[in-house]
Amino acid sequence: MKTNITSVCAVLLLATSGWLSADETARPKPTSPEFDRMKALVGTWKGDVDMGLGPVEMVAQYRLLAGGSVLEERVFAGTPNEMLTMFYDQDGKPAMTHYCMFGNRPSMLFKSSDAKTIKFDFDKACGINPKKESHMHALSITFDDADTITTSCKAIMDGKEMPERPTTLKRLKL
């Protein structure tokens with residue numbers, strides 16, 4: 001009988017690394033203070049966003065995944081404009097990848113933070129040519145209070161920087 005080396009490796013990993021069963025809780029991996037602050041976003045938020053055509057209601061849903069190491073943001077869920085952003089720590093600081101309705105996925109790296117705001121800026125290594133491809137180029141998230149945030153996005157459209165339009169979102173009590 002032949003033994004599949006992949007199966008043997010998987011069994012060894014399970015036996016030696018303490019893999020968890022489906023009902024066990026993983027020990028959280030330490031994350032940056034900025035990412036820890038972002039974890040407070042878990043929940044559902046609502047506000048009006050203006051993407052250049054007038055205000056539109058937006059619902060943003062945040063949830064933690066992968067043992068608390070990834071924060072998912074989902075906006076315009078169930079519509080053709082649904083977008084997903086994944087926040088995570090990279091080299092000890094938060095980073096993000098945005099899966100956009102434009103069909104691309106710009107990545108951004110931590111730029112700065114203060115007591116209220118975390119800022120991200122375009123990662124040139126993500127493969128998007130800013131002069132040719134429309135995309136989200138920067139993001140800031142301001143924690144106004146426990147139930148209010150203001151986000152501001154810098155977009156590049158057809159090679160030109162668009163005016164930022166801050167969006168205030170309120171936490172929904174569900």
Side-chain angles (χ1 to χ4, degrees), residues 26-52 55-77 81-102 104-128 130-131 133-157 159-174:
R27 283 177 294 179
K29 179 181 173 186
T31 54
S32 67
E34 297 87 1
F35 188 77
D36 285 343
R37 185 179 347 161
M38 293 183 69
K39 290 178 181 181
L41 294 171
V42 169
T44 303
W45 301 73
K46 185 170 137 180
D48 290 332
V49 62
D50 185 348
M51 296 188 293
V56 176
E57 182 179 272
M58 181 175 80
V59 174
Q61 300 163 314
Y62 293 89
R63 66 184 183 140
L64 283 172
L65 305 169
S69 65
V70 175
L71 177 68
E72 174 194 76
E73 175 197 61
R74 185 176 302 266
V75 297
F76 302 117
N81 294 331
E82 183 170 4
M83 294 182 280
L84 187 70
T85 303
M86 303 301 249
F87 298 93
Y88 47 89
D89 263 357
Q90 180 175 307
D91 300 325
K93 290 294 176 189
M96 60 176 277
T97 301
H98 174 69
Y99 297 85
C100 188
M101 66 179 149
F102 293 139
N104 58 26
R105 57 182 183 282
S107 293
M108 291 175 227
L109 302 173
F110 174 79
K111 180 179 180 183
S112 65
S113 70
D114 60 28
K116 292 182 77 172
T117 303
I118 299 173
K119 294 183 179 184
F120 296 89
D121 200 18
F122 186 70
D123 179 3
K124 294 176 180 102
C126 75
I128 291 176
K131 294 178 181 165
E133 193 168 354
S134 297
H135 66 284
M136 186 166 91
H137 198 81
L139 174 72
S140 67
I141 303 170
T142 300
F143 295 80
D144 301 315
D145 61 44
D147 295 318
T148 310
I149 59 172
T150 300
T151 63
S152 188
C153 171
K154 181 194 310 182
I156 304 291
M157 302 293 289
K160 296 179 184 141
E161 188 174 318
M162 304 306 291
E164 289 191 39
R165 293 183 167 89
T167 300
T168 299
L169 300 170
K170 296 279 191 183
R171 185 187 304 271
L172 295 180
K173 307 288 184 185
L174 302 175

Rounded to the nearest 0.5 Å, what separates atom [atom1] in [X] from atom [atom2] in [Y]?
X	Y	atom1	atom2	value
His135	Phe102	NE2	CZ	10.0 Å
Met86	Glu73	CE	CD	11.0 Å
Lys46	Thr168	NZ	OG1	14.5 Å
Lys119	Leu139	NZ	CG	11.0 Å
Leu109	Lys124	CG	NZ	9.5 Å
Lys116	Ile118	NZ	CD1	13.0 Å

Exercise. When the ring planes of Phe110 and Phe120 are compared, do they come out parallel, tilted or perpendicular, using 30° and 60° as the limits?
Worked result: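 Rings of Phe110 and Phe120: perpendicular, over 60°.
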Taking all non-hydrogen atoms of both residues, which atom of [X] and which atom of [Y] are closest, and how far apart?
X	Y	value
Glu161	Lys154	CD-CD, 3.5 Å
Phe143	Met38	CZ-CA, 4.1 Å
Ile128	Phe122	O-CZ, 3.6 Å
Thr148	Lys170	OG1-NZ, 2.9 Å
Gly92	Ser32	O-CB, 3.3 Å
Gln90	Ala95	CB-CB, 3.9 Å

For this session: With sequence neighbours excluded, give me every salt bridge (Lys or Arg N to Asp or Glu O under 4.0 Å) pair touching residues 81-99.
Result: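 Output for this query lists Glu34-Lys93, Arg74-Glu82.
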Does the side chain of [Y] come within less than 4.5 Å of [X]'s, by heavy atoms?
X	Y	value
Leu84	Glu72	yes
Phe87	Ile141	yes
Pro130	His137	yes
Arg105	Cys126	no
Met136	Met108	yes
Val49	Phe76	yes

Problem set entry | Side-chain donor/acceptor of Arg171 to backbone N/O of Val42, under 3.5 Å |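 Yes; judged by distance alone, with no hydrogens or angles, the pair exists.
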Problem set entry | Test salt bridge (charged side-chain N to carboxylate O under 4.0 Å, His left out) applied to Lys173 - qualifying residues, sequence neighbours left out |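 Scan of Lys173 (salt bridge (charged side-chain N to carboxylate O under 4.0 Å, His left out), adjacent residues dropped) gives Asp147.
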Problem set entry | The single option from Thr117, Asp144, Thr167, Thr142 passing side-chain hydrogen bond (donor to acceptor under 3.5 Å, both in side chains) against Thr150 |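 With Thr150 as partner, side-chain hydrogen bond (donor to acceptor under 3.5 Å, both in side chains) holds for just one option, Asp144.
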